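Working notes for the structure below.
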Protein chains: 2
Amino acid sequence: MTKTALKDFEALLERHRLKKTAPRLKVLSMLAAKNVATSQPDLEGVMNDIDRVTLYRILSAFEEKGIIHKVFDLNGTANYAMCSSNCGENHHHDEHLHFNCTSCKNVYCLDDLDLHGIDLPNGFKLDGFTLYATGLCPKCSKAVSKNNSKQFN
Amino acid sequence: MTKTALKDFEALLERHRLKKTAPRLKVLSMLAAKNVATSQPDLEGVMNDIDRVTLYRILSAFEEKGIIHKVFDLNGTANYAMCSSNCGENHHHDEHLHFNCTSCKNVYCLDDLDLHGIDLPNGFKLDGFTLYATGLCPKCSKAVSKNNSKQFN
DNA sequence: AGAATAAAGCAAGTATATTGCAATATTAAT
DNA sequence: ATTAATATTGCAATATACTTGCTTTATTCT
(Lines give C-alpha, C1' and ligand atoms only; values in the text may rest on other atoms or scores of the structure.)
Protein backbone atom coordinates (compact mmCIF):
# COMPACT_ATOMS: atom_id res chain seq x y z
CA MET A 1 0.00 0.00 0.00
CA THR A 2 1.40 3.37 -1.00
CA LYS A 3 1.47 6.29 1.37
CA THR A 4 -0.84 8.24 -0.91
CA ALA A 5 -3.44 5.51 -0.83
CA LEU A 6 -3.29 5.38 2.96
CA LYS A 7 -3.96 9.13 3.11
CA ASP A 8 -6.88 8.62 0.74
CA PHE A 9 -8.39 5.97 2.95
CA GLU A 10 -7.97 8.11 6.03
CA ALA A 11 -9.71 10.96 4.27
CA LEU A 12 -12.50 8.59 3.22
CA LEU A 13 -13.09 7.51 6.79
CA GLU A 14 -13.03 11.11 7.97
CA ARG A 15 -15.61 12.10 5.37
CA HIS A 16 -17.95 9.45 6.76
CA ARG A 17 -17.24 10.37 10.39
CA LEU A 18 -15.68 6.97 11.08
CA LYS A 19 -12.64 6.75 13.30
CA LYS A 20 -9.38 5.92 11.63
CA THR A 21 -8.46 2.53 13.02
CA ALA A 22 -5.94 -0.03 11.81
CA PRO A 23 -8.56 -2.73 11.01
CA ARG A 24 -10.67 -0.32 8.93
CA LEU A 25 -7.70 0.93 6.94
CA LYS A 26 -6.63 -2.63 6.31
CA VAL A 27 -10.07 -3.63 5.04
CA LEU A 28 -10.14 -0.59 2.75
CA SER A 29 -6.74 -1.38 1.30
CA MET A 30 -7.69 -5.02 0.73
CA LEU A 31 -10.94 -4.19 -1.03
CA ALA A 32 -9.50 -1.33 -3.07
CA ALA A 33 -6.68 -3.54 -4.32
CA LYS A 34 -9.07 -6.06 -5.86
CA ASN A 35 -11.30 -5.70 -8.86
CA VAL A 36 -13.56 -8.46 -7.58
CA ALA A 37 -15.91 -8.60 -4.64
CA THR A 38 -14.55 -10.35 -1.55
CA SER A 39 -16.35 -12.38 1.07
CA GLN A 40 -15.99 -12.00 4.80
CA PRO A 41 -14.43 -15.48 5.07
CA ASP A 42 -11.87 -14.59 2.41
CA LEU A 43 -11.01 -11.35 4.15
CA GLU A 44 -10.75 -13.20 7.44
CA GLY A 45 -8.27 -15.57 5.85
CA VAL A 46 -6.02 -12.76 4.69
CA MET A 47 -6.25 -10.69 7.84
CA ASN A 48 -5.96 -13.36 10.48
CA ASP A 49 -4.92 -10.84 13.10
CA ILE A 50 -8.31 -9.15 12.98
CA ASP A 51 -11.28 -10.59 14.81
CA ARG A 52 -14.09 -12.17 12.83
CA VAL A 53 -16.74 -10.05 14.52
CA THR A 54 -14.77 -6.86 13.96
CA LEU A 55 -14.71 -7.69 10.28
CA TYR A 56 -18.46 -8.16 10.14
CA ARG A 57 -19.00 -4.87 11.93
CA ILE A 58 -16.58 -2.98 9.72
CA LEU A 59 -18.22 -4.35 6.60
CA SER A 60 -21.73 -3.43 7.66
CA ALA A 61 -20.61 0.01 8.80
CA PHE A 62 -18.97 0.59 5.42
CA GLU A 63 -22.06 -0.64 3.64
CA GLU A 64 -24.33 1.67 5.60
CA LYS A 65 -22.11 4.63 4.79
CA GLY A 66 -22.10 3.81 1.10
CA ILE A 67 -18.40 2.98 0.94
CA ILE A 68 -18.85 -0.62 -0.15
CA HIS A 69 -21.74 -2.66 -1.48
CA LYS A 70 -22.79 -6.22 -0.88
CA VAL A 71 -23.66 -8.88 -3.41
CA PHE A 72 -24.48 -12.52 -2.81
CA ASP A 73 -22.60 -15.14 -4.80
CA LEU A 74 -23.77 -18.53 -6.07
CA ASN A 75 -23.51 -19.98 -2.57
CA GLY A 76 -25.49 -17.22 -0.90
CA THR A 77 -22.38 -15.84 0.77
CA ALA A 78 -22.11 -12.07 1.03
CA ASN A 79 -19.32 -10.51 -1.03
CA TYR A 80 -18.20 -6.91 -0.73
CA ALA A 81 -16.71 -4.46 -3.19
CA MET A 82 -15.87 -0.77 -3.21
CA CYS A 83 -18.68 1.44 -4.39
CA SER A 84 -18.39 3.87 -7.23
CA SER A 85 -18.11 7.42 -5.94
CA ASN A 86 -21.79 8.27 -6.25
CA CYS A 87 -23.02 6.05 -3.43
CA GLY A 88 -24.21 7.73 -0.28
CA GLU A 89 -25.32 6.98 3.24
CA ASN A 90 -27.98 4.25 3.14
CA HIS A 91 -28.37 4.84 -0.56
CA HIS A 92 -26.54 2.70 -3.05
CA HIS A 93 -26.30 3.03 -6.79
CA ASP A 94 -24.73 -0.30 -7.59
CA GLU A 95 -26.92 -0.90 -10.58
CA HIS A 96 -24.31 -2.78 -12.49
CA LEU A 97 -23.65 -6.30 -13.63
CA HIS A 98 -22.35 -8.71 -11.02
CA PHE A 99 -20.60 -11.49 -12.82
CA ASN A 100 -19.95 -14.64 -10.79
CA CYS A 101 -17.43 -16.94 -12.41
CA THR A 102 -18.45 -20.57 -11.99
CA SER A 103 -14.82 -21.66 -12.08
CA CYS A 104 -12.81 -19.30 -9.85
CA LYS A 105 -15.93 -18.14 -7.95
CA ASN A 106 -14.87 -14.52 -8.25
CA VAL A 107 -17.59 -11.89 -8.42
CA TYR A 108 -16.71 -9.10 -10.85
CA CYS A 109 -18.44 -5.75 -10.72
CA LEU A 110 -18.91 -4.60 -14.31
CA ASP A 111 -19.93 -0.98 -14.43
CA ASP A 112 -20.90 1.08 -17.46
CA LEU A 113 -23.71 -1.17 -18.50
CA ASP A 114 -26.83 0.23 -20.07
CA LEU A 115 -29.74 -1.18 -18.14
CA HIS A 116 -32.29 1.35 -19.26
CA GLY A 117 -35.63 0.53 -20.71
CA ILE A 118 -36.50 -2.19 -18.23
CA ASP A 119 -40.25 -2.00 -17.77
CA LEU A 120 -41.78 -3.39 -14.62
CA PRO A 121 -45.33 -4.75 -14.58
CA ASN A 122 -47.98 -2.41 -13.27
CA GLY A 123 -47.90 -1.69 -9.55
CA PHE A 124 -44.28 -2.58 -8.84
CA LYS A 125 -42.26 0.31 -7.41
CA LEU A 126 -38.59 -0.04 -8.24
CA ASP A 127 -36.03 0.73 -5.58
CA GLY A 128 -32.84 -0.65 -7.06
CA PHE A 129 -31.70 -3.56 -9.08
CA THR A 130 -28.68 -5.58 -9.99
CA LEU A 131 -28.07 -7.86 -12.90
CA TYR A 132 -26.56 -11.07 -11.69
CA ALA A 133 -24.82 -13.28 -14.21
CA THR A 134 -22.86 -16.52 -14.11
CA GLY A 135 -20.34 -18.02 -16.49
CA LEU A 136 -16.60 -17.89 -17.04
CA CYS A 137 -14.44 -14.85 -16.52
CA PRO A 138 -11.76 -14.07 -19.14
CA LYS A 139 -9.00 -15.75 -17.16
CA CYS A 140 -10.90 -18.97 -16.49
CA SER A 141 -12.36 -19.08 -19.97
CA LYS A 142 -8.81 -18.97 -21.31
CA ALA A 143 -7.59 -21.61 -18.85
CA VAL A 144 -10.43 -23.97 -19.71
CA SER A 145 -9.87 -23.85 -23.45
CA LYS A 146 -6.14 -24.23 -22.93
CA ASN A 147 -6.66 -27.30 -20.74
CA ASN A 148 -9.14 -28.77 -23.18
CA SER A 149 -6.79 -28.45 -26.10
CA LYS A 150 -4.02 -30.10 -24.10
CA GLN A 151 -6.35 -32.87 -22.93
CA PHE A 152 -5.64 -32.05 -19.33
CA ASN A 153 -8.03 -31.96 -16.49
CA MET B 1 -54.72 -30.01 -3.86
CA THR B 2 -56.89 -31.34 -6.62
CA LYS B 3 -56.59 -34.88 -7.87
CA THR B 4 -55.60 -33.61 -11.30
CA ALA B 5 -52.73 -31.60 -9.87
CA LEU B 6 -51.52 -34.60 -7.92
CA LYS B 7 -51.46 -36.68 -11.11
CA ASP B 8 -49.53 -33.89 -12.80
CA PHE B 9 -46.91 -33.85 -10.06
CA GLU B 10 -46.57 -37.62 -10.19
CA ALA B 11 -46.05 -37.43 -13.94
CA LEU B 12 -43.49 -34.68 -13.43
CA LEU B 13 -41.50 -36.83 -11.01
CA GLU B 14 -41.72 -39.80 -13.37
CA ARG B 15 -40.45 -37.71 -16.27
CA HIS B 16 -37.38 -36.86 -14.23
CA ARG B 17 -36.88 -40.41 -13.01
CA LEU B 18 -37.52 -39.43 -9.40
CA LYS B 19 -39.51 -41.72 -7.17
CA LYS B 20 -42.98 -40.57 -6.21
CA THR B 21 -42.73 -39.98 -2.48
CA ALA B 22 -45.04 -38.11 -0.15
CA PRO B 23 -42.47 -35.41 0.80
CA ARG B 24 -41.66 -34.67 -2.85
CA LEU B 25 -45.31 -34.38 -3.84
CA LYS B 26 -45.93 -32.10 -0.88
CA VAL B 27 -43.06 -29.81 -1.84
CA LEU B 28 -44.29 -29.64 -5.43
CA SER B 29 -47.82 -28.75 -4.37
CA MET B 30 -46.54 -26.05 -2.01
CA LEU B 31 -44.31 -24.43 -4.61
CA ALA B 32 -46.83 -24.71 -7.43
CA ALA B 33 -49.52 -23.05 -5.32
CA LYS B 34 -47.47 -19.89 -4.84
CA ASN B 35 -46.55 -17.26 -7.36
CA VAL B 36 -43.59 -16.20 -5.25
CA ALA B 37 -40.36 -17.98 -4.46
CA THR B 38 -40.26 -19.75 -1.10
CA SER B 39 -37.33 -20.26 1.23
CA GLN B 40 -36.35 -23.55 2.80
CA PRO B 41 -37.12 -22.16 6.31
CA ASP B 42 -40.61 -21.13 5.16
CA LEU B 43 -41.23 -24.53 3.64
CA GLU B 44 -39.96 -26.18 6.79
CA GLY B 45 -42.43 -24.14 8.82
CA VAL B 46 -45.39 -25.27 6.72
CA MET B 47 -44.34 -28.90 6.48
CA ASN B 48 -43.23 -29.55 10.02
CA ASP B 49 -43.69 -33.28 9.58
CA ILE B 50 -40.87 -33.45 7.03
CA ASP B 51 -37.27 -33.48 8.10
CA ARG B 52 -35.11 -30.44 7.48
CA VAL B 53 -32.45 -32.47 5.68
CA THR B 54 -35.00 -34.20 3.48
CA LEU B 55 -36.24 -30.79 2.43
CA TYR B 56 -32.74 -29.65 1.49
CA ARG B 57 -32.19 -32.80 -0.50
CA ILE B 58 -35.51 -32.58 -2.29
CA LEU B 59 -34.87 -28.96 -3.20
CA SER B 60 -31.41 -29.61 -4.62
CA ALA B 61 -32.62 -32.69 -6.49
CA PHE B 62 -35.42 -30.63 -8.04
CA GLU B 63 -33.00 -27.86 -8.91
CA GLU B 64 -30.61 -30.26 -10.60
CA LYS B 65 -33.43 -31.73 -12.64
CA GLY B 66 -34.60 -28.31 -13.76
CA ILE B 67 -37.93 -28.49 -11.93
CA ILE B 68 -37.32 -25.51 -9.68
CA HIS B 69 -34.81 -22.68 -9.61
CA LYS B 70 -33.06 -20.94 -6.79
CA VAL B 71 -32.73 -17.23 -6.16
CA PHE B 72 -31.21 -15.46 -3.16
CA ASP B 73 -33.21 -12.75 -1.44
CA LEU B 74 -32.03 -9.59 0.31
CA ASN B 75 -30.79 -11.61 3.26
CA GLY B 76 -28.84 -14.13 1.21
CA THR B 77 -31.38 -16.85 1.93
CA ALA B 78 -32.10 -19.26 -0.90
CA ASN B 79 -35.64 -19.09 -2.26
CA TYR B 80 -37.11 -21.61 -4.65
CA ALA B 81 -39.74 -21.35 -7.36
CA MET B 82 -41.11 -23.58 -10.08
CA CYS B 83 -39.28 -23.31 -13.37
CA SER B 84 -40.94 -22.43 -16.59
CA SER B 85 -41.36 -25.50 -18.77
CA ASN B 86 -38.22 -25.01 -20.82
CA CYS B 87 -35.71 -25.75 -18.06
CA GLY B 88 -33.81 -29.02 -18.29
CA GLU B 89 -31.40 -31.16 -16.36
CA ASN B 90 -28.53 -29.01 -15.08
CA HIS B 91 -29.59 -26.29 -17.45
CA HIS B 92 -31.81 -23.48 -16.32
CA HIS B 93 -33.41 -20.70 -18.29
CA ASP B 94 -34.57 -18.56 -15.45
CA GLU B 95 -33.48 -15.40 -17.14
CA HIS B 96 -36.22 -13.30 -15.72
CA LEU B 97 -36.63 -10.53 -13.22
CA HIS B 98 -36.58 -11.53 -9.57
CA PHE B 99 -38.35 -8.84 -7.65
CA ASN B 100 -37.78 -8.79 -3.90
CA CYS B 101 -40.32 -6.68 -2.03
CA THR B 102 -38.65 -4.76 0.79
CA SER B 103 -41.89 -4.78 2.75
CA CYS B 104 -43.38 -8.30 2.57
CA LYS B 105 -40.02 -9.85 1.58
CA ASN B 106 -41.66 -11.90 -1.15
CA VAL B 107 -39.61 -12.72 -4.21
CA TYR B 108 -41.69 -12.51 -7.39
CA CYS B 109 -40.57 -14.20 -10.59
CA LEU B 110 -41.52 -11.87 -13.41
CA ASP B 111 -41.21 -13.62 -16.74
CA ASP B 112 -41.67 -12.16 -20.17
CA LEU B 113 -39.06 -9.51 -19.77
CA ASP B 114 -36.90 -8.45 -22.63
CA LEU B 115 -33.33 -8.68 -21.46
CA HIS B 116 -31.72 -8.76 -24.87
CA GLY B 117 -28.93 -6.57 -25.99
CA ILE B 118 -26.84 -6.90 -22.84
CA ASP B 119 -23.25 -6.80 -23.95
CA LEU B 120 -20.58 -8.34 -21.78
CA PRO B 121 -17.00 -7.06 -21.83
CA ASN B 122 -14.58 -9.03 -23.93
CA GLY B 123 -13.62 -12.47 -22.67
CA PHE B 124 -16.60 -13.13 -20.40
CA LYS B 125 -18.54 -16.25 -21.35
CA LEU B 126 -22.14 -15.94 -20.27
CA ASP B 127 -23.84 -18.94 -18.77
CA GLY B 128 -27.03 -17.47 -17.40
CA PHE B 129 -28.18 -14.35 -15.70
CA THR B 130 -30.93 -12.97 -13.55
CA LEU B 131 -32.01 -9.43 -12.96
CA TYR B 132 -32.51 -8.88 -9.30
CA ALA B 133 -34.58 -5.93 -8.21
CA THR B 134 -35.86 -4.54 -4.93
CA GLY B 135 -38.74 -2.25 -4.13
CA LEU B 136 -42.42 -2.59 -3.33
CA CYS B 137 -44.76 -5.13 -4.87
CA PRO B 138 -48.23 -3.97 -5.94
CA LYS B 139 -49.91 -5.14 -2.74
CA CYS B 140 -47.38 -3.51 -0.40
CA SER B 141 -47.15 -0.38 -2.49
CA LYS B 142 -50.92 -0.02 -2.14
CA ALA B 143 -50.86 -0.75 1.59
CA VAL B 144 -48.13 1.81 2.21
CA SER B 145 -49.89 4.66 0.42
CA LYS B 146 -53.15 3.76 2.17
CA ASN B 147 -51.47 3.79 5.57
CA ASN B 148 -49.73 7.07 4.83
CA SER B 149 -52.94 8.81 3.88
CA LYS B 150 -54.63 7.59 7.05
CA GLN B 151 -51.64 8.60 9.18
CA PHE B 152 -51.30 5.12 10.50
CA ASN B 153 -48.17 3.19 11.11
C1' DA C 1 -2.35 14.30 29.32
C1' DG C 2 -6.89 12.94 30.57
C1' DA C 3 -11.86 12.22 29.88
C1' DA C 4 -15.48 10.78 26.84
C1' DT C 5 -16.71 7.72 23.57
C1' DA C 6 -16.30 4.72 19.69
C1' DA C 7 -14.42 0.52 18.09
C1' DA C 8 -12.07 -3.94 18.81
C1' DG C 9 -11.82 -8.37 20.90
C1' DC C 10 -13.69 -12.33 23.24
C1' DA C 11 -17.25 -15.79 24.47
C1' DA C 12 -21.30 -17.69 23.48
C1' DG C 13 -25.29 -18.33 20.63
C1' DT C 14 -28.30 -18.61 16.27
C1' DA C 15 -29.43 -19.89 11.56
C1' DT C 16 -28.59 -22.16 7.34
C1' DA C 17 -26.70 -25.96 5.18
C1' DT C 18 -23.99 -30.53 4.82
C1' DT C 19 -22.38 -35.41 5.72
C1' DG C 20 -22.56 -40.22 7.29
C1' DC C 21 -25.27 -43.84 8.40
C1' DA C 22 -29.22 -46.69 9.73
C1' DA C 23 -34.18 -47.28 8.97
C1' DT C 24 -37.86 -47.07 5.70
C1' DA C 25 -40.41 -46.68 1.42
C1' DT C 26 -40.64 -47.37 -3.59
C1' DT C 27 -40.15 -50.01 -7.62
C1' DA C 28 -39.38 -53.99 -10.42
C1' DA C 29 -39.23 -58.97 -10.79
C1' DT C 30 -41.00 -63.10 -9.59
C1' DA D 1 -48.95 -60.37 -3.58
C1' DT D 2 -44.02 -61.17 -1.86
C1' DT D 3 -39.63 -60.38 -2.07
C1' DA D 4 -35.18 -58.23 -3.49
C1' DA D 5 -32.74 -54.22 -5.01
C1' DT D 6 -32.28 -49.67 -4.49
C1' DA D 7 -33.55 -44.94 -3.79
C1' DT D 8 -35.11 -41.90 -0.25
C1' DT D 9 -36.03 -40.52 4.36
C1' DG D 10 -34.92 -39.41 9.14
C1' DC D 11 -31.64 -38.75 12.74
C1' DA D 12 -27.26 -37.30 14.84
C1' DA D 13 -23.44 -34.79 14.39
C1' DT D 14 -20.82 -31.26 12.11
C1' DA D 15 -19.61 -27.17 9.22
C1' DT D 16 -20.13 -22.51 7.86
C1' DA D 17 -21.88 -17.79 7.98
C1' DC D 18 -23.40 -14.56 10.89
C1' DT D 19 -25.15 -12.22 15.48
C1' DT D 20 -25.38 -10.49 20.32
C1' DG D 21 -23.76 -9.06 24.81
C1' DC D 22 -20.20 -7.46 27.33
C1' DT D 23 -15.36 -6.08 28.57
C1' DT D 24 -11.12 -4.10 27.12
C1' DT D 25 -8.59 -1.12 24.19
C1' DA D 26 -7.90 2.72 21.07
C1' DT D 27 -9.20 7.20 19.13
C1' DT D 28 -10.36 11.86 19.42
C1' DC D 29 -11.47 16.17 21.63
C1' DT D 30 -10.38 19.43 25.08
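All figures in this text were calculated on a predicted structure; none of them were measured in a lab. In what follows, every chain begins at residue 1, and chains take the letters A, B, ... in the order their sequences are listed.
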If I take atom [atom1] in residue [X] and atom [atom2] in nucleotide [N], what distance separates them, rounded to the nearest angstrom?
X: A/Y56; N: C/dA11; atom1: OH; atom2: P; result: 18 Å
X: A/K65; N: C/dA6; atom1: NZ; atom2: P; result: 11 Å
X: A/R52; N: C/dG9; atom1: CZ; atom2: P; result: 13 Å
X: B/D73; N: C/dA15; atom1: CG; atom2: C1'; result: 13 Å
X: B/K70; N: C/dT16; atom1: NZ; atom2: C1'; result: 11 Å
X: B/L13; N: C/dA25; atom1: CG; atom2: C1'; result: 15 Å
X: B/L43; N: C/dA15; atom1: CG; atom2: C1'; result: 16 Å
X: A/E44; N: C/dA8; atom1: CD; atom2: P; result: 15 Å

*Would you mind reading off the bend of the helix from C/dA1-D/dT30 to C/dT30-D/dA1 from its two end axes, five pairs each, to 10 degrees?*
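One end's axis against the other's: 30°.
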
*asked:* Taking the nucleotide of DNA chain D with the nearest heavy atom to each, does B/R57 or B/K19 sit closer to the 5' end?
replied: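 Comparing both residues, the 5'-ward one is B/K19.
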
*Which of parallel (below 30°), tilted (30 to 60°) and perpendicular (above 60°) describes A/F124 and B/F99?*
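Ring orientation, 0 to 90° scale: perpendicular.
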
*Using a cut-off of 4.0 Å on non-hydrogen atoms, how would the nucleic acid contact of B/A61 be classed: base, sugar-phosphate, or nothing?*
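Touches nothing.
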
Measuring from atom [atom1] of [X] to atom [atom2] of [Y], what distance do you get when rounded to the nearest 0.5 angstrom?
X: A/L43; Y: A/N48; atom1: CG; atom2: CG; result: 12.0 Å
X: A/K70; Y: A/S60; atom1: NZ; atom2: OG; result: 7.5 Å
X: B/D8; Y: B/L13; atom1: CG; atom2: CG; result: 11.0 Å

*Under 4.0 Å from any heavy atom of chain A: name the first and the last nucleotide of DNA chain D that qualifies, 5' to 3'.*
D/dA17 to D/dT28

*Side chains of A/E63 and A/Y80: donor-acceptor distance under 3.5 Å anywhere?*
no

*A/T38 and side-chain contact (heavy atoms from CB on, under 4.5 Å): which partner among A/L31, A/N79, A/V46, A/V27?*
A/L31

*asked:* Strictly distance-based, threshold 3.5 Å: is any side-chain N or O of A/R24 a donor or acceptor partner for the main-chain N or O of A/I58?
replied: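 Between the backbone of A/I58 and the side chain of A/R24 there is no qualifying donor-acceptor contact (under 3.5 Å).
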
*Checking A/N75 side chain against A/T77 main chain: does a donor-acceptor pair fall under 3.5 Å?*
no

_Pair A/K20 + A/E10, salt bridge at N-O below 4.0 Å_ = no

*For B/A22 and B/F72, take the nucleotide of DNA chain C holding the closest heavy atom to each; which residue's nucleotide lies nearer the 5' end?*
B/F72

*Taking only N and O in the side chain of A/T54, is any of them less than 4.0 Å away from OP1 or OP2 of C/dG9?*
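Answer is yes, contact under 4.0 Å.
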
*side-chain N/O A/T21 vs C/dA8 OP1/OP2, d < 4.0 Å*: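 Affirmative; the distance criterion is met.
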
